[in-house]
Amino acid sequence: MKAMYWKMPLYAAATVCLVAGMSSCESNPATDPYARQEAELQKVVTDYVDKTVIPTYRGLADASMELYNACLAMREAGTANLTTAMVQAADDAWIKARRYWELSEAWLYGAAADYNIDPHIDSWPLDQVAMEAMLADEQQMAQMDEDGVYVSNHLGYGLLGFHAVEYMIFETTADGSQTQPRSVDKYTTQELNYLAAVAGDLRNQCIRLEAAWAGSVSDAKQQILVDTELEPTMNYGESMKTAGQGGSLYRNYNEAVQELIVGAQDIADEVGGLKIGNPVGVGEEDDPNYIESPYALNSIVDFKDNIISIQNAYEGYQIGANGNEADAYIQPVEHSLSAYVSTLDPAVDASVKAAIQDAIDKIELMQEPFVSTARDPQFIDINKAAAEACNAVTDELNKVMELLTNL
């Protein structure tokens with residue numbers, strides 16, 4: 001993760017009103033430019049938290065529960081009664097949950113970072129050597145519980161999360177060009193036990209994300225958190241929405257919005273410099289095997305959804321854009337950061353939005369399976385252009401950061 005921006009703007013009129021981040025005097029948005037700015041940014045932050053972040057995590061939590069139930073059904077069926085339809089149901093649930101996770105990666109700060117949820121559920125490549133050793137260890141396998149507590153506490157990140165589940169429920173065709181449900185005759189009892197346990201742990205972590213930002217969840221989700229001792233100790237959504245007040249992590253709304261921007265830059269850097277860049281050979285490491293979601297052949301969808309997560313953070317969810325349909329969770333916002341930036345410098349806002357869309361458009365030109373096309377001479381220029389477009393998003397967001405730090 002790259003260095004965070006913590007340079008704070010100098011508010012000449014407001015400095016005398018701030019003591020340890022708390023306002024100590026009344027200010028009038030009608031006459032005080034700082035107060036007016038903070039009032040507008042409060043609207044941006046409130047919509048961002050309530051209509052983008054929390055709904056995305058709620059969608060993730062609900063989808064992860066569906067995935068767990070599908071994997072548990074496979075375990076309960078056992079090797080004798082397992083059907084392709086059961087595996088297909090798990091595949092479909094994985095794709096759904098995966099989408100919401102990738103759409104949340106523009107805000108991997110907060111709970112995802114503080115509780116190590118990001119590496120816990122989304123580390124790759126999978127450690128297949130350790131997995132085979134674990135599956136052959138009768139003593140360790142006997143401790144697998146369907147709720148995921150054992151695997152959470154005793155397995156490394158390379159054996160957990162989305163990619164462990166992915167490996168267990170997808171397989172590619174012989175030529176590697178297509179993905180399909182894993183053949184039912186390939187499963188062992190040990191694998192089904194492991195699958196249910198890892199899916200349970202994934203569910204638990206996703207519910208924790210929702211609870212950590214929303215402050216409260218359904219009774220069923222809350223009971224899972226209690227049972228697994230994963231109740232969050234911080235309300236990150238409330239902290240952001242009450243910037244400048246006691247208990248908040250932020251001294252003011254400008255600082256909160258700066259973290260929003262850095263979160264968006266971090267994932268743009270990761271997609272351009274790691275997820276695309278490493279396999280293509282233009283990233284931080286030259287690694288053709290650094291392929292995300294290789295079993296579901298979902299790599300390019302992952303990349304696109306990551307950039308859409310930036311778009312959601314900056315502009316708000318765009319129904320009809322980039323194939324977005326009306327979502328059951330994520331809502332369009334009334335007060336986006338984009339709208340606020342347009343009041344400061346319309347040209348900067350336009351360039352940021354254009355850069356985001358350009359990255360999405362260039363990713364859409366890429367071809368699966370990425371494991372085969374990453375360095376294919378036919379696609380290498382397309383892939384490099386996509387990586388460069390993602391990196392350009394970071395540069396454009398720097399302009400927004402400059403506007404905010406110079407207010």
Side-chain angles (χ1 to χ4, degrees), residues 63-64 67 70-71 87-88 90-103 105 118-132 134-135 155-183 186-187 191 194-195 198-199 202 267 270-307 309 363-380 382-384 386-387 390:
S64 70
L67 175 58
C71 293
V87 186
Q88 182 67 66
D91 287 1
D92 294 342
W94 187 93
I95 293 292
K96 183 178 180 180
R98 185 68 181 170
R99 172 178 175 265
Y100 281 111
W101 169 248
E102 296 301 298
L103 288 175
E105 291 209 61
D118 177 24
H120 192 119
I121 68 174
D122 198 24
S123 291
W124 83 93
L126 191 70
D127 191 342
Q128 295 184 36
V129 173
M131 179 183 289
E132 293 303 320
M134 173 200 65
L135 291 170
L155 300 188
Y157 291 155
L159 295 174
L160 297 171
F162 275 104
H163 300 298
V165 175
E166 177 195 8
Y167 178 75
M168 283 291 166
I169 61 177
F170 291 94
E171 65 181 7
T172 56
T173 54
D175 63 1
S177 64
Q178 302 290 326
T179 191
Q180 61 191 8
R182 188 181 180 205
S183 300
K186 294 182 179 179
Y187 285 96
E191 288 176 335
Y194 167 67
L195 171 62
V198 173
L202 176 61
I267 193 59
E270 184 175 343
V271 176
L274 298 178
K275 294 185 178 185
I276 298 175
N278 280 358
V280 172
V282 296
E284 295 182 11
E285 299 178 10
D286 186 347
D287 186 354
N289 298 313
Y290 193 87
I291 306 291
E292 187 175 26
S293 304
Y295 315 110
L297 300 186
N298 207 59
S299 305
I300 295 168
V301 173
D302 283 357
F303 307 155
K304 178 181 174 181
D305 284 343
N306 279 168
I307 306 304
S309 77
I363 288 171
E364 286 184 331
L365 297 176
M366 299 171 68
Q367 298 291 319
E368 290 285 11
F370 187 52
V371 67
S372 300
T373 63
R375 302 198 182 193
D376 187 324
Q378 182 180 353
F379 299 104
I380 190 68
I382 292 173
N383 297 338
K384 288 180 178 179
C390 293

Handout entry: Asp305 side chain to Leu103 backbone, donor-acceptor under 3.5 Å
Key = no

Exercise for the section: Start with the C-alpha gap between Leu274 and Glu292, add the side-chain angles, then the distance that decides, and say whether side-chain contact (heavy atoms from CB on, under 4.5 Å) holds. Expected result: CA-CA 10 Å; Leu274 298 178; Glu292 187 175 26; over 6 Å; no

Practice task
May I ask you to test the Cys71-Val165 pair for a side-chain heavy-atom distance under 4.5 Å?
Solution key: yes

Handout entry: Ring geometry between Trp124 and Tyr290 (parallel below 30°, tilted from 30 to 60°, perpendicular above 60°)
Key = tilted

Exercise for the section: For the residue pair Trp94 and Ser293, establish whether any side-chain heavy-atom pair is separated by less than 4.5 Å. Expected result: yes

Practice task
Could you tell me whether the side chain of Leu160 reaches within less than 4.5 Å of the side chain of Ile121, counting heavy atoms only?
Solution key: no

Practice task
Count the heavy atoms belonging to other residues, nucleotides or ligands that lie under 6.0 Å from CD of Gln128, then report whether that count exceeds 12.
Solution key: yes

Practice task
Give a yes or no on whether the backbone of Met168 and the side-chain of Tyr187 come within a donor-acceptor separation of less than 3.5 Å.
Solution key: yes

Problem - Glu166 side-chain N/O to Tyr295 backbone N/O, donor-acceptor pair under 3.5 Å - result: yes

Handout entry: Euclidean distance, Trp101 CH2 relative to Asp302 CG, rounded to 0.5 Å
Key = 11.5 Å

Exercise for the section: Check whether any side-chain heavy atom of Leu155 sits under 4.5 Å from a side-chain heavy atom of Met134, and report yes or no. Expected result: yes

Handout entry: Side chain to side chain, Val198 and His163, heavy atoms closer than 4.5 Å
Key = no

Exercise for the section: Look only at the side chain of Asn278 and the backbone of Asp287, and say whether a donor-acceptor pair between them is shorter than 3.5 Å. Expected result: no

Problem - Derivation of the side-chain contact (heavy atoms from CB on, under 4.5 Å) call for Ile95 and Arg99 - result: CA-CA 6 Å; Ile95 293 292; Arg99 172 178 175 265; 5.8 Å; no

Fill in the blank from the handout: d(Lys304 NZ, Glu364 CD) to nearest 0.5 Å is 3.5 Å

Exercise for the section: Apply side-chain contact (heavy atoms from CB on, under 4.5 Å) to the pair Gln180 and Val87, showing each step before the final yes or no. Expected result: CA-CA 9 Å; Gln180 61 191 8; Val87 186; over 6 Å; no

Completion exercise
Taking every heavy atom of Leu297 against every heavy atom of Pro369, the minimum-distance pair comes out as CD2-CB, 3.7 Å

Exercise for the section: Check whether any side-chain heavy atom of Cys390 lies under 4.5 Å from a side-chain heavy atom of Ile363, and answer yes or no. Expected result: yes

Problem - Short N-O contact, Asp91 and Arg98, less than 4.0 angstrom - result: no

Completion exercise
Shortest non-hydrogen pair, Ala93 vs Leu67, comes out as CB-CA, 3.6 Å

Problem - Lys186 vs Glu171 side-chain heavy atoms within contact, under 4.5 Å - result: yes

Exercise for the section: Determine, stepwise, if the pair Asn306 / Glu102 fulfils side-chain contact (heavy atoms from CB on, under 4.5 Å). Expected result: CA-CA 5 Å; Asn306 279 168; Glu102 296 301 298; 2.9 Å; yes

Handout entry: Any side-chain heavy-atom pair of Thr179 and Glu368 under 4.5 Å
Key = no

Fill in the blank from the handout: Of all heavy-atom pairs linking Val282 and Ala387, the shortest is CG2-CB, 4.2 Å

Practice task
Give the minimum heavy-atom separation between Ile276 and Ala386, together with the two atoms involved.
Solution key: CD1-CB, 4.1 Å

Practice task
To the nearest 0.5 Å, tell me how far Leu159 CG sits from Leu135 CG.
Solution key: 8.5 Å

Practice task
To the nearest 0.5 angstrom, please state how far the CZ atom of Arg375 sits from the CZ atom of Phe370.
Solution key: 9.5 Å

Practice task
Find the distance between CG (Asn298) and CD1 (Ile291) and round it off to the nearest 0.5 Å.
Solution key: 13.0 Å

Problem - From CG (Leu202) to OG (Ser64), nearest 0.5 Å - result: 6.0 Å

Completion exercise
Between Asp118 and Glu105 the two heavy atoms that sit nearest each other are OD1-OE1, 4.5 Å

